[in-house]
Amino acid sequence: MSKYEQIQDSIKNLPFSFETEEVPLENAFKRVLRENVIADMDMPPFHKSAMDGYACRFEDIGNELEVLEVIQAGMFSHLTPGKNQCVKIMTGAAVPAGCDCVFKVEDSVETDEKHVKCTNPKTARNICYQGEDYRLNEVLIQQGTIISTPQMAVLAGAGYAKVKVTRQPKISVIATGSELVSPSEKPKPGQIRNSNTSQLLSQLHQMNLDVIANLMLVDDFKLLTETFTKELQKSDLIIFTGGASVGDFDFIPEILKEQGFKIYWDNTGIKPGNPMNFSEKNGKFVIGLSGNPVSSLAQFELIAKPLIYKLLEANYQPLRILGTMDFDYQRKKADRVAIVPVIIDERGLITEIPFHGSAHINALVNANALLEVPLNITAINKGEPAHVRPL
Ligand code: AMP
Ligand code: MG
């Protein structure tokens, strides 16, 4: 089993999660559901007309029919049309008792003011039957679902004006590196602009997560320790970028050890992006990402995202697509799972883009997916299947 697979396993088995809270339905979008959503009635709740037309008995379809009344959506007719009788009915209205067919307005002619005839003897029944979508007490959405647009509609339809969801964690982001300047500054010799924070905040945003603090610090052990312990007081999760490796000024692993954090892993087995740590102490969590932008992006997407979703108790399953290689991929060492930016097109063909490694974030501007190259695989040839993850 690769290190990367071991990490996925340990994420699944983490014993932690954030608490539940109740929010108004309108605030539930993109939150993680913490209850099963149960139907409090059949859907549709009554036999419903699927068309604007005339409700009658199907056996009378060839005959001239007397129109008894007009029923609008929201109305409930207490009439029971008999032989050669019908009611004019609108889409969404309850079909009266005794009727087993609605023929469309477009399939009708009025023979006089009170009578109508169907012009299509092969008409469909055009009735949505009571309970055909779901039944009373049915589970409509499973606990752990990340609420998206259809779920919002189903929650509303099932009367969930308030929804139990995982509370939003308090997250602090700390970019570390004495070479970093903010995007508004012109880097002096030896300096670079901090791009990881913008990248990371956008990744969190896609998960509907905000941060309570966003800091950029030089590689100073004392300063980093002080800031870290201060941020810990108010945060559930601290995400570092940079300083996660074994360089002389990579202080994050040392600080975590000194502060008594339990380190679950400190490398990932993916390339790019090997140095990355996850640790916990007293229900507070730390993720230490690489400084290299592509590494940090891949680590977040492949590891931090499923990890955070686990803490949120979400049933998160990243989309992976089985495409077909349109180029020959080769590598010498295959001791890690490789992540390669690529383009996948609508035919499922995977094409190469120029990519120089972990610092080359510009390459991803033109990519729409990450190719996964499994452990111990040195080549994937043109025409062979391969998995990609849409970006
Ligand atoms: P580190 O992980 O701290 O050893 O950094 C690895 C590489 O990533 C170095 O070349 C850093 O300059 C670069 N780097 C670190 N942090 C950032 C950042 N926030 N934005 C852009 N590049 C960074
Ligand atoms: Mg650094």
Side-chain angles (χ1 to χ4, degrees), residues 3-4 7 171-206 209 211-228 231 235 237-258 261 263 265-279 286-305 307 336 338-341 355-367 370 391:
K3 177 73 191 182
Y4 173 57
I7 288 176
I171 304 176
S172 295
V173 163
I174 308 179
T176 72
S178 301
E179 74 279 31
L180 301 179
V181 297
S182 68
S184 60
E185 289 173 72
K186 185 89 180 166
K188 299 197 182 71
Q191 296 183 323
I192 56 162
R193 289 196 182 100
N194 169 17
S195 63
N196 284 348
T197 298
S198 306
Q199 174 177 299
L200 182 53
L201 294 186
S202 76
Q203 287 176 303
L204 288 166
H205 237 108
Q206 278 191 329
L209 296 173
V211 298
I212 58 162
N214 163 11
L215 305 168
M216 188 173 83
L217 299 177
V218 294
D219 296 309
D220 177 290
F221 191 87
K222 192 159 165 282
L223 174 70
L224 283 170
T225 305
E226 278 168 16
T227 312
F228 175 55
E231 288 306 311
S235 316
L237 167 65
I238 294 186
I239 309 179
F240 285 105
T241 82
S245 192
V246 294
D248 287 358
F249 298 92
D250 291 336
F251 294 132
I252 307 306
E254 209 177 322
I255 292 172
L256 293 169
K257 269 182 222 133
E258 200 184 79
F261 271 70
I263 298 180
W265 62 83
D266 61 7
N267 66 88
T268 62
I270 62 172
K271 182 184 167 65
N274 204 30
M276 174 206 172
N277 49 67
F278 170 64
S279 59
V286 180
I287 295 172
L289 301 173
S290 285
N292 271 309
V294 181
S295 305
S296 170
L297 184 142
Q299 288 167 345
F300 188 92
E301 194 52 42
L302 274 75
I303 297 174
K305 193 167 171 182
L307 167 58
R336 285 192 266 159
I339 303 300
V340 184
F355 178 53
H356 309 142
S358 58
H360 191 194
I361 192 69
N362 306 51
L364 275 79
V365 170
N366 302 315
L370 298 175
L391 275 171

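Basis for what follows: all heavy atoms, side chains included, without hydrogens, waters or symmetry-related copies. Whatever order the structure lists ligands and atoms in, that order sets their numbers, starting from 1.
Between F261 and F228, the gap from one ring centroid to the other is short of 6.0 Å.
The shortest contact between atom 11 (C) of ligand 1 and any protein heavy atom is with E179 OE2, 2.9 Å. Protein heavy atom nearest atom 7 (C) of ligand 1, with residue, atom name and distance: N292 OD1, 3.4 Å.
Using cut-offs of 30° and 60° for the angle between ring planes, the F278 and W265 rings count as tilted.
No hydrogens or angles considered: nothing links the side chains of S295 and S290 as a donor-acceptor pair under 3.5 Å. A donor and an acceptor atom, one from each side chain of S296 and Q299, are nowhere located under 3.5 Å apart.
Below 4.0 Å from some heavy atom of D250 lie the following atoms of ligand 1, by number and element: 3 (O), 4 (O). Ligand 1 places these atoms under 4.0 Å from at least one heavy atom of G242: 2 (O), 3 (O). For ligand 1 and R193, the ligand atoms under 4.0 Å from any heavy atom of the residue are 20 (N), 21 (C). Residue N194 approaches ligand 1 through these ligand atoms, each under 4.0 Å from one of its heavy atoms: 18 (C), 19 (N), 20 (N). Every atom of ligand 1 with a heavy atom of G243 under 4.0 Å away is listed here by number and element: 1 (P), 2 (O), 3 (O).
With hydrogens and angles ignored, the 3.5 Å screen pairs a side-chain donor or acceptor of T176 with a backbone N or O of T241. Of the possible donor and acceptor atoms, none in the side chain of N267 sits under 3.5 Å from a partner among the backbone N and O of N274.
Across I287, V286, L289, a single residue satisfies side-chain contact (heavy atoms from CB on, under 4.5 Å) together with F240, and that is V286.
Closest to atom 13 (C) of ligand 1 by heavy atom, among S358, A359, G291, is G291. Of all the listed residues (I174, I192, N196), N196 holds the heavy atom that lies closest to atom 17 (C) of ligand 1.
No part of T197 comes within 4.0 Å of ligand 1, judged by heavy-atom distances.
Residue contacts with ligand 1 leave out M216, since none of its heavy atoms falls under 4.0 Å from the ligand. S195 counts as a contact of ligand 1, since one of its heavy atoms falls under 4.0 Å from the ligand. Distances from ligand 1 to the non-hydrogen atoms of S245 include no value under 4.0 Å.
Judged as a ring pair (Phe, Tyr, Trp, His ring centres under 6.0 Å), and not counting sequence neighbours, F249 has no contacts. Every residue two or more places apart in sequence or in another chain that forms a salt bridge (Lys or Arg N to Asp or Glu O under 4.0 Å) with K222 is listed here: E226.
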